[in-house]
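Here the structure comes first, spelled out in structure tokens, and everything after it is commentary.
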Amino acid sequence: MDVTEIIDPLNEMQRQAVTAPNQPMLVLAGAGSGKTRVLVHRIAWQIQVEGLSPQSILAVTFTNKAAAEMRLRIESLLDISARAMWIGTFHGLAHRLLRRHSKEAGLPETFQVIDSDDQYRLIKRLLKSLNIDDGKWPPRQIQWFINGQKDEGIRAASVVETGDLFQRQMLLVYRAYEEICQRSGLVDFAELLLKAHELLRDNPDLLNFYQKRFKQVHVDEFQDTNTIQYAWLRLLTQNQQNLFVVGDDDQSIYGWRGAKIENLFSFQSHYPDHQVIRLEQNYRSTGNILKAANSLIDNNQGRMGKELWTASGDGEPISLYAAFNEQDEAYFVIERIRKWVNEGGLRSDVAILYRSNAQSRQFEEKLMSTGMPYRVYGGLRFFERAEIKNALAYLRLISNRLDDAAFERVINMPTRGIGAKTMDDIRLKAQHTNKSLWQAALDLLSESAFTARASNALQGFVKLINDLAESSQDLELYEKVKSVIEKTGLIETYKKEKGEKGEARVENLEELVNAARSFDYDQDNDENLGELEMFLSYAALEAGEMQGNDSDDCVQLMTLHSAKGLEFPLVFLVGLEDGLFPSQQSVDDPGRLEEERRLCYVGMTRAMSDLYLTYAESRRLYGRETIARPSRFLREIPAETMQEVRVRAQVSRPVTAGASISGQIQQNNTFKLGQHVGHAKFGEGVVLQVEGEGAQERVQINFRDAGIKWLMLAYAKLEVL
DNA sequence: CTCTACGAATTTTTT
DNA sequence: ATTCGTAGAG
């Protein structure tokens, strides 16, 4: 292969990064500057030119999606299989290490990965068994504490005690939690990273082996690494100084979950011989958008310094729309999307970005009633659905009877007459004898400690699990899954469940069988573990996307956080109000405010050619009408890049769904949004909405004294003030 | 065990 | 407003 293929598509700075000699490298890659391209080409360069073998390449990302994309692009560039390379998420690679060296890591060979929901339930149950009031000590907070400590690399045993009551309580649970996980063979996400770090730290031979094996270590989105992830990277690269990281301090938006933007600075002192390369040429957005984004982010302190520029022109100005309320905001956005589509634009090229999920609703309703296809990113993923997790819990229990989390989950699902009392007895026994719930249940059964009824029910359950384990022993994976959802009565229960919900659940369970059928076992077969166990790990580590409506041409709705890394020709950044964005909880803390600003920066730089910023003067939030001021971020954007859209003068909206589908209806011109009116009985008020036409026309009015009312225009005698 | 009612909370999310 | 979880009744 010709080296020009690797080099030619790169600009000068990218080329410098790709072809740099082996030394620590920090590539500060602005939004849209070709960061993934640099990583991919760098790896290709090392294989093609430096002669590294694929197995000496390690590349770490944060999401499975990013890892998959990188792998794909390397394969298509080099036209070789990237299978031998270690490309994956921090968690995925940590998992692989722990599977290979479970003994050295002090884990049972069959350990299983639990997701945050499992973790939450486990903690909740733990509190109950420790007799801790979960009202006073919210499980969420404890989960937060435990994960926070683990992210910092701190074990319960090594927490520095302050004598603080709060801390003492947290620590108590942390210790108990560690114990129960160890006993049940369960590993949570943070534990994967922590254990992987300890594994290398405490086993010099292993560390040495991997240090030698990985000639180059690449990290994507380095600004998002937390303490333990960076520590792990340092262990691997401290001898060979072969760490190549790509990141952007201006796009660090995960500080709230432990990401340490400081790692970017630490890198420079930990690797004194490093080289820094800045990628500032942007290939995505127009000049106006970049100018605006640059000015905004310039308000942050202590940046590493970077200014995006583009070789293409200024483009259209950014549009700013001041909506009357959140309804008006949604209507405005959807009108503009319709216009875009009418002019031949693709819906899938349009994104509506918001700060919090609750904001999607307004847009969904209006999109739905307009009949415009859309897709909301972010809800429950496939493997996180309750029915799926129930089925998986059965499989887990079959694989490992010590799995207390799975036991608790399915002991009475579907209901089989094992109630709270029986469970309490089992928990108590387990706690006293320091055994698993399963063993405790067996012990209690042999002691005939239950009423006949409870005893029967419990025996039935024990037999069910044992029989399932035995009968499915030699079955194909998908047959195992099938047999589980049928013989446990799970699918039967959901079939009886009324309505669409039950139907959807049955479908999901059937889909689970399909997922098992198409599970690619060979790929991960190097980890001497059963197929079922690998499938379960896969389910936990890769929760799977939502239903794949990818083929349809849909408007994309998502939070700003989930938009990172994506780009769209037309972007609506909505809800730009103080208190909403930046969120109320951040406005008083300069650090958090800066993170919000970076979030805004990320949002703006998603736009390729057209960017709309909108805010509502009044918004219904948590059931209350609130008056908001435009976001402070708007004032940080230069006026010459922006153009205010005024539609209220000509168009009276919102319009109802039916009306807007039928198209160009004539609206009355008397009662526009925001119009002050008087009513004989209700007094003075302001028009909020107008809908319907002719005799059906109604207006919604916010009366100063009487509150918000809908009035039929034909009957209500309204007076224009 | 299931159903109803009431109260509390309510940024962001991946693994 | 809405959702979610728990407590108490049936």
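Order of the sequence lines sets the chain letters (A, B, ...), proteins ahead of strands, with each chain counted from 1. Not measured: the values here are computed from a predicted model.
Between A/N357 and B/dT13 there is a side-chain N or O to OP1 or OP2 distance below 4.0 Å.
For A/F407 and A/F461, the distance between ring centers is under 6.0 angstrom. A centroid separation of less than 6.0 Å is found between the aromatic rings of A/Y210 and A/H101. For A/F581 and A/Y354, the ring centers are positioned 6.0 Å apart or more.
The NZ atom of A/K136 sits 19 Å away from the C1' atom of B/dA8 (whole-angstrom rounding). For the pair A/Q143 CD and B/dT13 P, the computed distance is 16 Å after rounding to whole Å. Rounded to an integer number of Å, the gap from A/Y377 OH to B/dT14 P is 12 Å. Atoms CD1 (A/I114) and C1' (B/dT15) sit 12 Å apart, rounded to a whole Å. Atom CD of A/Q141 and atom P of B/dA9 are 12 Å apart (whole Å).
The base of B/dT15 lies close enough to the side chain of A/S116 for a donor and an acceptor atom to sit less than 3.5 Å apart.
Here the shortest heavy-atom pairing between A/L541 and A/L192 reads CD2-CD1, 3.8 Å.
Both A/H91 and A/A358 lie close to DNA chain B; mapped to their nearest nucleotides by heavy-atom distance, the more 5′-ward contact belongs to A/A358. Of the two residues contacting DNA chain B, namely A/S583 and A/N64, the nearest-nucleotide position lying further toward the 5' end is that of A/S583.
Across B/dT11, B/dT14, B/dT13, the shortest atom-to-atom separation from the side chain of A/R381 is found for B/dT14.
A cation-pi arrangement is not found for A/R140 relative to A/F145, the charged atom failing to lie both closer than 6.0 Å to the ring centre and inside a 45° cone about the ring normal.
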Subject >> Step-by-step side chain to side chain contact (heavy atoms under 4.5 Å, CB included) determination, A/L593 to A/R632 >> reply: CA-CA 11 Å; A/L593 185 64; A/R632 61 192 71 191; 3.9 Å; yes
Original post:
What do the steps show when you test A/Q251 against A/Y601 for side-chain hydrogen bond (donor to acceptor under 3.5 Å, both in side chains), and what is the final call?
Top reply: CA-CA 8 Å; A/Q251 291 190 72; A/Y601 174 79; 5.9 Å; no
Original post:
Which letters describe nucleotides 1-10 of chain C, given B = protein heavy atom under 4.0 Å from base, S = only from sugar-phosphate, - = neither?
Top reply: BS---S----
Can you tabulate the close N/O pairs, meaning under 3.5 Å, that link protein atoms to atoms of nucleotides 2-4 of chain B?
| from | atom 1 | to | atom 2 | distance (Å) |
| --- | --- | --- | --- | --- |
| B/dT2 | OP1 | A/T415 | OG1 | 3.2 |

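Stacking is found between A/W256 and the pyrimidine-like six-membered ring of the B/dT12 base under the 5.5 Å centre-distance and 30° plane-angle cut-offs.
Test A/L233, A/V219, A/V217 against A/L58 for side-chain contact (heavy atoms from CB on, under 4.5 Å) and you get one pass: A/V217.
C/dT6 and B/dT11 have their C1' atoms separated by 25 Å, given to the nearest Å. A distance of about 23 Å separates the C1' atoms of C/dG5 and B/dT12, rounded to the whole Å.
Within a 6.0 Å radius of CZ in A/R155, other residues, nucleotides and ligands contribute more than 12 heavy atoms.
Nucleic acid contact class of A/L353 (heavy atoms, under 4.0 Å, all strands): none.
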